[in-house]
Amino acid sequence: MSNQKIQIFDTTLRDGEQVPGCKLNTSEKVEVAKRLEALGVDVIEAGFPISSPGDFESVDAIARVVKNATVCGLSRAVEKDIITAAESLKNAVRPRIHTGIGTSESHIKFKLNSTPEKIVERAIAAVSLAKSYVEDVEFYAEDAGRTDNAFLAHICEQAIKAGATVLNIPDTTGYCLPDEYGAKIRFLKENVKGVHNVTLSTHCHNDLGMATANSIAGVMNGATQVECTINGIGERAGNTALEEVVMVLKQHPYLNMTTGVDTKQLNELSRYVSDTMRVPVQPNKAIVGANAFAHSSGIHQDGVIKKRETYEIIDPKEVGVDHSSIVLTARSGRAALAYRMKNIGYELTRDELDIVYKSFLEVADAKKEVSDDDLHEIASLRHKVAV
Ligand code: KIV
Ligand code: ZN
């Protein structure tokens, strides 16, 4: 069976940039977009052009420089949004307008003060208008995660008839369980007329920590595009993390799914986005966290030193990290100490190791982490006779 290519739709510059306090200026956004293009993403959601003159300017600037990826602009199902998005994308090689509306009962009743029938009419009008400007139109059914499946299928079918090329099924509130979200995608795959001619897309938020699991459930049930952000940044608890999805697909080849992402660039881009947006990455973040390839307990360190794969499922080089690290703390054993001593030039005999290990534990108990400088001092004690 040949591999299914999963399209990576990056929304770092739109959903990601909605994080309070991480506003970027146009030249910073253009730089992020260039790096995303070099990473190999298929679609870059560059912004929400109607939202501010600055966002319009950024989408326009990105549309002019990005040549290989599709450049996408967000709009509500509102005429002036769509016209503005089209205007900002007019210089793009591959422009896409992303338009849509809330489809859950709560969005229809309380946010939009409308009825299901009127929402379908607005969806059709929005997609048709967007289609009059660009060939590639993505329709989002906001809060699809909590939308009744029969209604969701109906509005998706109407969006396809109006010209949508991509159907985005957002779990806007991060509510779904993986089985539930996967079943929703499967239901659409089986019940929407014309669905086989369009791309089904996942867009999951992380309110319950399940954004990546839900996105993977989505592709396992027929979605072929995943919407995600670098480091998982985004509204509230964030969006699906790009690096997680890409590495899940890479580490599980039996799924027969690939992406065009050059995974060796992941670590550097993660740091670049974190620095530029001033959003730190939690140390234990999967794939790109500072501790993702760091081992500190004696048992784990001993295993990794003997064979890296005992406690690592990813070769750090695959994601652009030079090597795994053996962090020396009071939980470290002799194997780790000998390994780190060797790295800085000391081949210790068993007796020498016994001598310095005691001093090492004293330093380790007093400090969080033992550094190479500490090790040089500890090593100077190695010829003392044990008492
Ligand atoms: O989470 C969401 O529903 C969105 C849409 C606007 C696509 O970000
Ligand atoms: Zn979102």
Side-chain angles (χ1 to χ4, degrees), residues 4 6-7 9 42-43 45 48-50 70-87 89-90 92 94-105 107-109 111-172 181-203 218-219 221-227:
Q4 168 73 57
I6 301 298
Q7 306 275 316
F9 175 117
D42 302 281
V43 185
E45 187 161 52
F48 182 13
I50 191 80
T70 294
V71 179
C72 176
L74 184 75
S75 65
R76 295 165 297 181
V78 170
E79 198 176 295
K80 66 178 185 319
D81 283 35
I82 296 166
I83 295 171
T84 308
E87 177 65 20
L89 292 166
K90 67 174 191 282
R94 294 185 181 78
R96 176 183 295 178
I97 295 178
H98 191 189
T99 190
I101 195 159
T103 54
S104 65
E105 203 185 330
H107 275 229
I108 295 175
K109 251 197 213 157
K111 187 175 100 164
L112 300 160
N113 190 21
S114 187
T115 62
E117 295 72 26
K118 287 193 182 129
I119 292 298
V120 174
E121 279 169 23
R122 281 186 63 183
I124 295 171
V127 172
S128 309
L129 179 61
K131 194 77 179 180
S132 70
Y133 290 100
V134 292
E135 171 48 35
D136 194 6
V137 177
E138 174 163 341
F139 171 72
Y140 66 84
E142 194 181 5
D143 204 15
R146 294 186 299 172
T147 298
D148 167 70
N149 283 349
F151 180 64
L152 187 59
H154 173 61
I155 198 164
C156 284
E157 201 165 297
Q158 298 309 310
I160 294 174
K161 276 197 199 147
T165 46
V166 183
L167 298 175
N168 178 12
I169 312 301
D171 183 19
T172 305
Y181 188 75
K184 194 174 275 289
I185 297 290
R186 179 163 296 242
F187 182 86
L188 296 175
K189 212 67 208 163
E190 289 170 357
N191 291 282
V192 172
K193 220 181 279 161
V195 75
H196 299 287
N197 303 321
V198 301
T199 300
L200 261 181
S201 182
T202 68
H203 178 113
V219 295
N221 282 282
T224 54
Q225 176 178 280
V226 173
E227 305 196 4

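Scope of the values below: all heavy atoms of this structure, side chains included, with no hydrogens, waters or symmetry mates.
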I want to check something: taking the side chain as every heavy atom from C-beta on, are [X] and [Y] in contact at a cut-off of under 4.5 Å?
| X | Y | value |
| --- | --- | --- |
| Phe48 | Arg76 | yes |
| Tyr133 | Ile83 | yes |
| Asp148 | Glu105 | no |
| Asn149 | Lys184 | yes |
| Val78 | Arg122 | yes |
| Thr84 | Ser75 | no |
| Val195 | Cys156 | no |

Holding to side-chain contact (heavy atoms from CB on, under 4.5 Å), I want the full list of residues that pass it with Val120, two or more places apart in sequence or in another chain. Ile124, Phe151, His154, Ile155, Gln158

Roughly how far, to the nearest 0.5 Å, is CG of Asp81 from CG of Leu74? 8.0 Å

Would you compute the distance between atom CD1 of Ile108 and atom CD1 of Ile119 and round it to the nearest 0.5 angstrom? 5.0 Å

Is Glu121 salt-bridged to Lys118, going by a charged N under 4.0 Å from an acidic O? no

Locate the shortest heavy-atom distance separating [X] from [Y]; write the atom from each residue and the value.
| X | Y | value |
| --- | --- | --- |
| Ile160 | Leu167 | CD1-CD1, 3.8 Å |
| Arg96 | Leu89 | O-CD1, 3.2 Å |
| Asp171 | Tyr181 | CB-CE1, 4.1 Å |
| Asp136 | Pro95 | CB-O, 3.5 Å |
| Ile101 | Phe139 | N-CE1, 4.3 Å |
| Asn221 | Ile185 | O-CG2, 3.5 Å |

Using atom types as modelled and distance alone, determine if a side-chain donor or acceptor of [X] lies under 3.5 Å from a backbone N or O of [Y].
| X | Y | answer |
| --- | --- | --- |
| Lys131 | Glu135 | yes |
| Ser104 | Thr147 | no |
| Thr99 | Val127 | no |

Will you find, in the side chains of Thr199 and Thr224, an N or O donor that is under 3.5 Å from an N or O acceptor? no

Does one side chain, of Thr172 or Glu142, offer a donor that lies under 3.5 Å from an acceptor on the other? no

Kindly state each residue pair satisfying side-chain hydrogen bond (donor to acceptor under 3.5 Å, both in side chains) with at least one member in residues 188-197, sequence neighbours excluded. none

The single option from Leu152, Leu112, Ile169 that satisfies side chain to side chain contact (heavy atoms under 4.5 Å, CB included) with Thr103 is Leu152

Can you name the one residue among Gln7, Glu227, His98 that meets side-chain hydrogen bond (donor to acceptor under 3.5 Å, both in side chains) with Ser201? Glu227

